[in-house]
Structures are given as C-alpha cells and as structure tokens.
Amino acid sequence: MPGKSRRDFLKNSIAGGIAATGISASVANAGPKNILSADRMGVLVDTTVCVGCRNCEWACKTAHNLDSGDLNSYEERKILESKRRPSEHALTVVNEYTHGKNSTLPVDVKVQCMHCDHPACVSACIVGAFSKQENGAVIWDTDMCIGCRYCMAACPFQIPAFEYNKAINPLIMKCDFCFDRTKEEKLPACVGICPTETLTYGPRTELIRIARERIKRDPSRYIDHIYGEYEVGGTAWMYLASKNFTELDFPLLSKNPAPGVSESIQHGIFAYFVPPVSLYALLGGIMWLSKRRKEMEGEEKI
Amino acid sequence: MRTNIIALSVIIFTYCMSAQQMRIEKHSKMNIDCKTCHTCDVPTKADPCLTECPREKIATVYQKPEQTPELIKINQLSDRYEPVYFSHKLHAQMAAISDGCENCHHHNTSGPILKCNKCHEVSRQREDVGIPDLKGAYHRQCMDCHREWSHETGCNSCHNLKTDGEKSSPKFDYKKYAGKDHPDVVVPSVINYKTKSDRGEIVTFSHNDHTKSFGLKCTNCHKHESCSKCHDVSHKTSEKPKEVKTELSFEQQHKNCINCHEKNEQCNRCHGRENIEPFNHTKKTGWALNRHHEKLACSKCHGQKIPYKKIDNKCSSCHQAWNKENFKHSITGLQLDETHIELSCEDCHLEGNFELKPSCNGCHENFSYPNKKPGQLIRN
C-alpha cells in the first residue's frame with residue numbers, strides 16, 4: 001500500500017512548500033538513493049539454454065508470498081502459447097518464441113525488471129520511494145509510495161504493475177531482485193531454482209566478460225549482441241539469444257539512459273524550489289501591477 | 001593405530017601427487033597446442049593460467065561404448081527427486097555417431113575419466129560463475145537432445161518424485177534401458193543437398209566415396225549432431241518437422257568440403273542443376289583402376305596428404321622398388337617360362353615403358369604379343 005494516503009502527501013507537501021518558500025532549499029536537494037557501485041551484481045540470462053520449465057515463476061511467487069500453487073502444475077505448457085507480461089500476481093513470466101538460428105528448439109525468454117543502471121522509475125518517482133541500491137537492485141519503499149504510478153509510465157520495459165483490483169491499499173509490484181534474500185547472502189529465488197543455470201548471478205562486469213566469451217566460442221549459437229549491456233545506459237539483467245531481440249519482444253532502445261534529457265530539465269527547474277518562488281513572484285507582480293493600475297485610475301478620477 | 005593412519009595418509013598423499021605428476025607429464029607430450037588450455041607462455045603448477053574450459057576435441061581417453069558402464073547412478077543434488085539412473089552405454093552409442101566421448105567428456109586431457117564435479121561445482125553460489133554449476137551442467141547436457149526428442153521440459157518427465165516410504169509406481173523406469181543398444185546407423189550412399197546457390201542449386205554428395213574410398217571418419221564432418229538429423233522427432237507433437245534455418249556464412253557452409261577441395265575449385269564441380277554422377281577414376285583421370293588397383297585406398301598411391309597429389313600413369317611412379325629380382329611377373333597374369341624369366345625387363349618392354357605393348361623383335365622376327373606369349377597365362 002502506499003503507506004501514505006494521497007491526502008497525507010498533499011498535507012506534507014503544502015507544509016513542506018511553505019517551509020521551503022520561507023527558508024530552506026535543502027529538502028529539495030535530497031534526491032533518491034541512486035548508487036552505481038563498481039561491483040554491482042547482475043544476472044546473465046542465456047536464453048539458448050532455457051528450457052521453459054517455469055520453475056523460476058514458481059520460486060519467485062513463493063519467495064514473495066504470492067499465490068504460487070503446486071510446482072507440478074507448472075509442467076503444463078499450454079500457457080506458453082500466449083504471450084504474458086509480468087503483473088502484480090507474477091513478477092516474472094516466461095514466454096516462448098519460435099526457434100532461433102541453427103536450431104529447431106523454441107526460444108524461451110524470462111521477463112522481469114531489468115534493474116537499470118540509470119533507472120527511469122527512480123527518476124520519475126515524485127516521492128523518492130524508488131532507489132538504485134549498491135548491489136544493483138532497483139527497489140522501492142512501499143511506505144513512501146503514494147500510488148501515483150509515474151514509475152509505470154516511465155519504465156522503458158513497462159515492468160511495474162499496480163494492484164488495480166485491490167480497493168484498499170493497492171501496491172506497486174515488480175521484481176525486487178530478491179533484495180531481502182540477497183541481503184542474507186542468498187541467491188535470488190529464480191537463480192537458485194533454475195535447473196539449467198540459464199540465470200547466472202554475478203558481478204555485472206564479470207557477466208559481460210562471460211557473455212562475450214560465450215559468443216566468441218560459439219558464434220553459430222548466439223547472435224553477437226548482449227541485450228542490456230548498453231541499452232538505456234546498461235541494465236543489471238542482461239540477455240544472450242539465438243535470434244534478434246526485437247523478435248523476442250525486447251524493445252529497441254538507444255544507449256542513452258531513459259531519464260536522460262527530461263530529467264536534467266525537470267531537476268533544473270525544480271532545484272531550489274524555482275517554480276513556487278517564481279509563481280509567487282509572478283502572482284505578486286500581477287497583484288502589484290493591478291493595485292498600481294487601480295491607484296492610478298483612482299488618481300485620475302480624483 | 002595412529003602410526004597406521006599416518007602411514008596410510010602418507011601413501012594416499014604420495015599416490016595423489018604421483019598421479020598428478022603423471023598427468024602433467026603425459027599431457028605436455030600430447031599433440032595439443034599449449035595455448036588451447038593455457039593463456040600464458042610458461043604455465044606453472046602454482047599459476048597454470050588456464051583458459052575457460054575449451055570444448056574442443058581434447059579428450060584422450062577413448063573407450064568403445066560397449067566397454068562403458070550400462071547405468072550410472074546420479075544422486076548428488078536433489079532432495080526432491082529420486083536418483084537418476086543414466087543409461088551411459090546407450091548414450092555413448094548415440095554419441096559415437098557424431099562427437100564421440102568428448103560430446104560430454106569435453107575437458108579430459110589425460111589420465112582417468114574426470115567426474116563432472118571435478119570442474120562443475122555443486123554450489124551455485126561460487127567464485128567462478130563462468131563454468132556452469134553441476135546441476136546446470138547436467139541439465140544442459142541432457143536437455144538439448146531431450147527437448148528435441150520428447151518435447152517435454154517438465155521435471156517429472158525424467159525425475160521421479162521422492163515419496164516418504166509410500167509405494168508409488170515410478171513414471172520413469174530407468175532400469176529398462178540397461179540392456180538396450182542403439183541400432184546401427186544406416187549410412188546413406190548419396191545425398192543431394194538443395195542449396196540457394198545461383199551456381200546450381202543441387203549439390204550431390206557421394207557419402208560412400210568419402211567414407212569408404214577417401215577414408216574420412218564420421219567425426220571429420222559430423223559434429224554436435226542432433227537426433228533429428230535422422231529421426232523424425234515431431235512424432236510426439238502435431239507439428240510438422242521444422243526446417244532448420246541455417247544461418248551460416250559462406251566459409252562455414254563450405255568448411256567441411258574446403259578441407260580437401262581447393263578453395264578456388266570451380267563451383268560447378270559440386271553445384272549443378274541435376275545430380276552429379278559419383279566419382280569415377282576412369283572418367284576423371286583417364287586411367288582405369290583394374291585388378292590390383294581396384295580395391296586400393298586412394299592414399300596408397302596418392303599419399304596421405306589431402307588434397308591428393310596427381311601422379312602420372314607410369315608404374316615406376318608408385319612401384320619404385322621393383323626390379324628384375326624382386327618383381328614376380330606372375331602377378332600380371334602371365335607367368336614367364338624358364339627362358340624368358342632370365343631376360344632383363346627392357347628386352348621386351350622397350351626403354352622401360354611398361355605402358356606400351358611388349359616387343360618380341362629383339363630376338364624373334366615376326367613374333368608379336370599377344371599372338372605369341374613368353375609364358376603361360378594364369379589366373380590371379
């Protein structure tokens with residue numbers, strides 16, 4: 001749930017606004033935690049070895065206390081006939097596509113939050129609930145979240161989901177890179193269960209090296225592209241595949257971080273509470289002008 | 001008691017050290033480029049500077065499939081499932097069709113067969129994530145073929161769930177594969193490939209010639225073959241067999257051929273609008289392979305080096321060591337009589353040219369071969 005209601009938020013922002021216009025600009029400067037540590041972790045997803053068993057889906061739900069059902073029920077492959085998206089009920093899903101180059105086997109692709117190095121959600125979140133953590137995870141504080149859903153609009157991968165069906169305390173839901181598990185030195189749930197180790201968890205720089213080595217050693221198996229190495233400025237989750245990523249429903253993105261230009265303009269404007277100050281100055285100016293005009297008119301009448 | 005333990009550990013330690021020593025000595029003498037495994041020029045024991053496990057053919061321990069174990073129990077990893085009994089011999093027979101032992105034992109320079117967990121760690125949380133962990137390695141090894149074969153990916157399609165003491169009928173009866181053999185492979189004699197080449201879309205490949213006459217081994221061309229190469233693996237689905245989209249470069253497509261056929265050979269040597277006749281020595285070279293030459297391996301005359309070198313049709317080009325003393329004329333089908341056997345070769349074969357008709361005129365006027373024979377025709 002948004003720990004704060006919209007009313008709470010408005011109350012606080014009015015109070016904050018008054019305080020800020022009066023005295024200080026330091027509140028506005030305290031941005032969200034956005035750390036890009038050199039040894040941040042990531043996951044390399046080698047879609048050429050994924051068999052589409054969907055054990056990761058089960059493990060994810062179980063780790064996040066979602067309704068996971070019996071593991072045996074995941075053997076049903078009919079579900080792979082349609083394409084699914086991560087939702088508030090399933091933070092990760094596996095989709096199946098037709099075979100890639102030099103193979104008859106279908107290509108299975110796990111979809112979840114990519115945990116961008118320069119996350120648009122962190123930038124877009126107006127209450128600073130989102131943060132990029134030192135270990136690479138992009139997580140959010142449900143107590144701060146007010147449910148504005150800007151993160152959903154900002155995400156280039158359309159990952160964050162919202163519990164629209166809940167009338168009371170609806171939450172933003174997405175993969176949190178098993179932040180609570182990795183804090184305790186455990187593997188992310190999906191990485192832990194994967195039978196083929198499609199998901200390799202390790203330092204991001206090391207994963208890029210491994211991915212390059214795999215492409216070099218077996219060029220007939222892979223296309224020469226590590227998705228996520230450069231997309232939107234790099235992501236913690238990266239993919240290898242045997243066919244073009246656009247054919248696997250990955251968005252075609254530039255190397256520029258998603259927040260990019262808009263963020264710099266936005267942050268520039270909002271720094272030091274320029275808009276409120278300038279708004280009040282403008283209003284004051286208009287008032288002063290109209291008052292002066294009235295005075296002039298009065299003088300003329302007299 | 002304590003001395004016994006110490007003695008025993010010393011023996012074990014020495015044995016391990018000597019085994020290791022032996023392995024290093026052996027593999028340094030093998031015909032492998034050091035750089036296949038080591039990145040630096042002088043690898044030492046302390047710093048072997050090993051590259052990532054190369055999957056190339058560097059296994060040195062070969063066994064016939066029939067010499068290998070029938071079933072291997074794999075019981076290291078799962079609490080959830082019963083042990084898996086892997087039908088090793090049967091799989092070894094399948095592997096023999098393409099890559100052989102190293103299809104799975106891909107990094108085994110010398111010494112005894114290494115267990116998978118020698119390199120593949122049991123724990124997924126580990127320092128070197130470049131090499132798959134044991135669970136990943138096992139499944140990757142199995143699933144490429146099994147997905148193609150059975151189209152099943154569910155755990156229960158291979159693993160039997162553990163039951164707490166209850167009797168259950170196992171879905172998968174591993175042990176029934178114990179005595180089974182893979183049937184012998186039927187080798188095609190001619191294969192017609194359909195290509196997109198504008199130089200002629202049909203490439204006729206005489207498989208028989210290449211394996212039987214030219215002495216190529218299966219593994220010279222066949223690498224990482226899948227079951228679907230021979231089997232119709234669509235039998236369990238309603239789908240038609242998929243056509244594999246081969247996205248190979250010109251070099252990759254021709255790699256197997258170019259080893260022997262020269263790069264700048266005419267395209268139409270292999271590509272045509274119709275099927276091309278198999279290789280015929282008489283037509284191609286003008287020299288018929290008769291009698292003694294018919295069943296010879298090409299390399300007997302043309303040497304081991306491929307592409308084969310051309311040779312002229314003089315007997316002496318191959319049979320340099322033949323002279324009057326050691327040549328038995330009877331193998332030509334003509335046994336010389338007592339008088340003629342004493343003569344030197346050039347008396348009848350003028351100027352030592354054995355291609356020409358022999359001449360009798362040196363001694364006999366008006367005699368000619370084969371009307372008059374210097375001996376008796378025999379059957380070889």
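Proteins come first, then strands; the chains are lettered A, B, ... in the order of their sequence lines, and each starts at number 1. Note that this is a predicted model, so its numbers are computed, not measured.
Interface summary for chain A: among B/R147, B/M143, B/H139, the most heavy-atom pairs under 4.5 angstrom belong to B/R147. Between chain B and the options A/G192, A/C194, A/P195, the largest number of non-hydrogen pairs under 4.5 Å is found for A/P195.
Once rounded to the nearest 0.5 Å, the distance linking CD1 of A/I193 with NZ of B/K135 reads 6.5 Å. For the atom pair A/T200 OG1 and B/I131 CD1, the distance stands at 12.0 Å (nearest 0.5 Å).
Put simply, the side chain of B/R80 reaches to within 4.5 Å of the side chain of A/L71, judged on heavy atoms.
Heavy-atom distances place both the backbone and the side chain of B/C155 under 4.5 Å from chain A. Proximity to chain B is absent for every atom of A/Y74, based on heavy atoms less than 4.5 angstrom apart. At a 4.5 Å heavy-atom cutoff, the contact between A/T196 and chain B is made by backbone and side-chain atoms alike.
Within 6.0 Å of CG in A/D70 there are more than 12 heavy atoms belonging to other residues, nucleotides or ligands. Atom NZ of B/K73 is surrounded by 12 or fewer heavy atoms from other residues, nucleotides or ligands within 6.0 Å. The environment of A/Q158 atom CD is sparse: at most 12 non-hydrogen atoms of other residues, nucleotides or ligands sit within 6.0 angstrom.
Ionic pairing of A/E197 and B/R126 is present here: one or more N-O contacts between side-chain nitrogen and carboxylate oxygen are shorter than 4.0 angstrom.
Residues from residues 52-60 of chain A that place a non-hydrogen atom less than 4.5 Å from a non-hydrogen atom of chain B comprise A/G52, A/C53, A/N55, given in numerical order. Residue-level contacts of residues 39-47 of chain A with chain B do not occur; threshold 4.5 Å between heavy atoms.
Across every non-hydrogen atom of A/V51 and B/T153, the tightest pair is O-CG2, 3.1 Å.
One N or O on the side chain of A/E75 and one on the backbone of B/N156 form a donor-acceptor pair closer than 3.5 Å. Remark: side-chain polar atoms of B/R140 are not paired, donor with acceptor, to backbone N or O of A/V49 under 3.5 angstrom.
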Is there a side-chain contact (heavy atoms from CB on, under 4.5 Å) between B/L161 and A/N72 once you walk through the steps?
-> CA-CA 10 Å; B/L161 273 171; A/N72 289 331; 3.8 Å; yes
